[in-house]
Amino acid sequence: AHWRRFVCNLPTRSEFGAFPEAEWHRARTSEEIPIGQPIWLGLDVAWKWDTTALVPLWSPSADVRLLGPAVILTPPRDGTSLDPNRVEDALLELHSRNPVATLVMDTNRAEQLAEWASKTLGCTVIDRPQTNAYAALDYERFMEALRSGWLKHSGDPGLSRHVLNAVA
């Protein structure tokens with residue numbers, strides 16, 4: 001893969017890819033999260049170089065999970081930070097379509113945003129630090145759901161790009 005990518009200049013997924021491409025594509029569905037249904041929302045906040053992502057999750061039953069289209073916000077990448085108002089606006093827009101019942105995020109460097117979301121959206125905020133222990137547990141649960149066929153996604157290109165670029 002390294003030779004193909006760097007010497008031949010051919011697009012190649014890393015051999016360390018966290019998610020098998022075939023399993024991810026097999027989980028695609030045409031089903032959408034119904035408007036008005038309460039959701040859980042995963043929020044990964046980055047302010048200067050990495051992207052901020054908001055990913056809705058609808059779980060109508062114990063064996064059905066549907067990831068909706070991701071909202072991906074790119075910071076200016078000029079040394080200045082992403083405007084927090086853009087994140088708040090994205091949260092409000094998602095909340096207007098599907099009420100955010102629970103927001104899961106790492107509140108480190110985003111404490112004010114977590115407090116704002118709790119007060120403004122009326123949602124429960126779960127602080128989920130991005131530690132190795134949590135990352136390993138989340139990965140195992142994600143893969144179990146993907147392999148078992150009860151995790152589906154809407155085929156959103158932004159979400160797919162981020163998932164398939166993740167490394168284990």
Side-chain angles (χ1 to χ4, degrees), residues 1-34 37-75 77 82 87 90-91 93-94 97-98 100-110 113-114 123 125-168:
H2 179 80
W3 176 268
R4 183 177 160 89
R5 184 178 199 168
F6 290 104
V7 176
C8 302
N9 197 28
L10 296 171
T12 307
R13 284 194 71 218
S14 168
E15 62 266 25
F16 302 110
F19 305 103
E21 202 167 345
E23 287 182 84
W24 179 252
H25 291 307
R26 200 170 27 253
R28 183 178 182 176
T29 181
S30 60
E31 186 177 6
E32 295 182 3
I33 299 173
Q37 288 295 310
I39 58 169
W40 283 52
L41 186 67
L43 173 60
D44 181 21
V45 180
W47 298 111
K48 289 196 176 189
W49 301 107
D50 198 3
T51 56
T52 291
L54 302 89
V55 180
L57 172 70
W58 179 55
S59 182
S61 68
D63 60 348
V64 175
R65 307 279 190 278
L66 177 60
L67 296 171
V71 175
I72 300 168
L73 304 174
T74 305
R77 293 184 174 153
L82 176 68
V87 181
L91 283 164
E93 187 175 332
L94 282 167
R97 184 187 191 284
N98 294 96
V100 177
T102 305
L103 177 64
V104 181
M105 64 182 288
D106 182 352
T107 61
N108 184 37
R109 297 191 189 126
L113 181 62
C123 63
V125 177
I126 297 176
D127 182 18
R128 187 73 170 183
Q130 294 183 21
T131 63
N132 285 340
Y134 281 134
L137 179 62
D138 293 343
Y139 175 75
E140 289 304 318
R141 288 181 176 166
F142 188 95
M143 287 307 300
E144 178 186 4
L146 191 62
R147 288 185 183 121
S148 298
W150 46 268
L151 177 64
K152 302 290 184 187
H153 64 89
S154 62
D156 176 59
L159 178 60
S160 292
R161 184 173 52 253
H162 278 75
V163 166
L164 294 176
N165 281 331
V167 293

Asp156/Arg161 ion pair, N-O < 4.0 Å: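 Looking at Arg161 together with Asp156, the answer is no, because their closest N to O distance does not fall below 4.0 Å.
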N-O pairing of Arg147 and Glu23 below 4.0 Å: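 Here Arg147 pairs with Glu23 in a salt bridge, since their nearest N and O are under 4.0 Å apart.
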Can any side-chain N or O of [X] pair as donor or acceptor with the backbone N or O of [Y] at less than 3.5 Å?
X      : Y      : result
Tyr139 : Tyr134 : no
Ser148 : Trp150 : no
Thr102 : Trp40  : no
Asp127 : Asp106 : no
Arg128 : Val104 : no
Trp47  : Ala110 : no

Is there a side-chain contact between [X] and [Y] in this structure, where contact means two heavy atoms from C-beta onward sitting under 4.5 Å apart?
X      : Y      : result
Phe142 : Leu151 : yes
Leu41  : Val55  : no
Leu57  : Ile39  : no

Before giving the answer on side chain to side chain contact (heavy atoms under 4.5 Å, CB included), spell out for His25 and Leu164 the whole-Å C-alpha distance, their side-chain angles and the decisive distance to 0.1 Å. CA-CA 10 Å; His25 291 307; Leu164 294 176; 4.0 Å; yes
Heavy-atom closest contact ([X] atom, [Y] atom, distance):
X      : Y      : value
Leu159 : Ile72  : N-CD1, 4.3 Å
Leu73  : Ala90  : CD1-CB, 4.3 Å
Ala114 : Thr107 : CB-CG2, 3.7 Å
Met143 : Ala18  : SD-O, 4.2 Å

More than 12 non-hydrogen atoms from neighbouring residues, nucleotides or ligands closer than 6.0 Å to CZ on Arg77, yes or no?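 Yes, because the 6.0 Å sphere around CZ of Arg77 holds more than 12 heavy atoms from other groups.
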In terms of the angle between their ring planes, are His153 and Trp24 parallel, tilted or perpendicular, with boundaries placed at 30° and 60°? parallel
Asp44 versus Gln130, side-chain donor and acceptor atoms under 3.5 Å: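 A pair is found: one side chain offers a donor N or O, the other an acceptor, under 3.5 Å apart.
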If we ignore angles and hydrogens, is there a donor and acceptor under 3.5 Å between the side chains of Thr51 and His162? yes
Result block: side-chain N/O donor-acceptor pairs under 3.5 angstrom for residues 59-70, not counting sequence neighbours:
from: Ser59; atom 1: OG; to: Ser61; atom 2: O; distance (Å): 3.2
from: Ser59; atom 1: OG; to: Val64; atom 2: O; distance (Å): 3.2
from: Ser59; atom 1: OG; to: Arg65; atom 2: NH1; distance (Å): 2.9
from: Ser61; atom 1: OG; to: Asp63; atom 2: OD1; distance (Å): 2.9
from: Arg65; atom 1: NH1; to: Ser61; atom 2: O; distance (Å): 3.1
from: Arg65; atom 1: NH1; to: Ala62; atom 2: O; distance (Å): 3.0

Rounded distance (nearest 0.5 Å) linking atom CZ of Arg28 with atom OG of Ser30: 9.0 Å
Would you check, one step at a time, whether the test side chain to side chain contact (heavy atoms under 4.5 Å, CB included) holds for Leu113 with Val45? CA-CA 10 Å; Leu113 181 62; Val45 180; 4.0 Å; yes
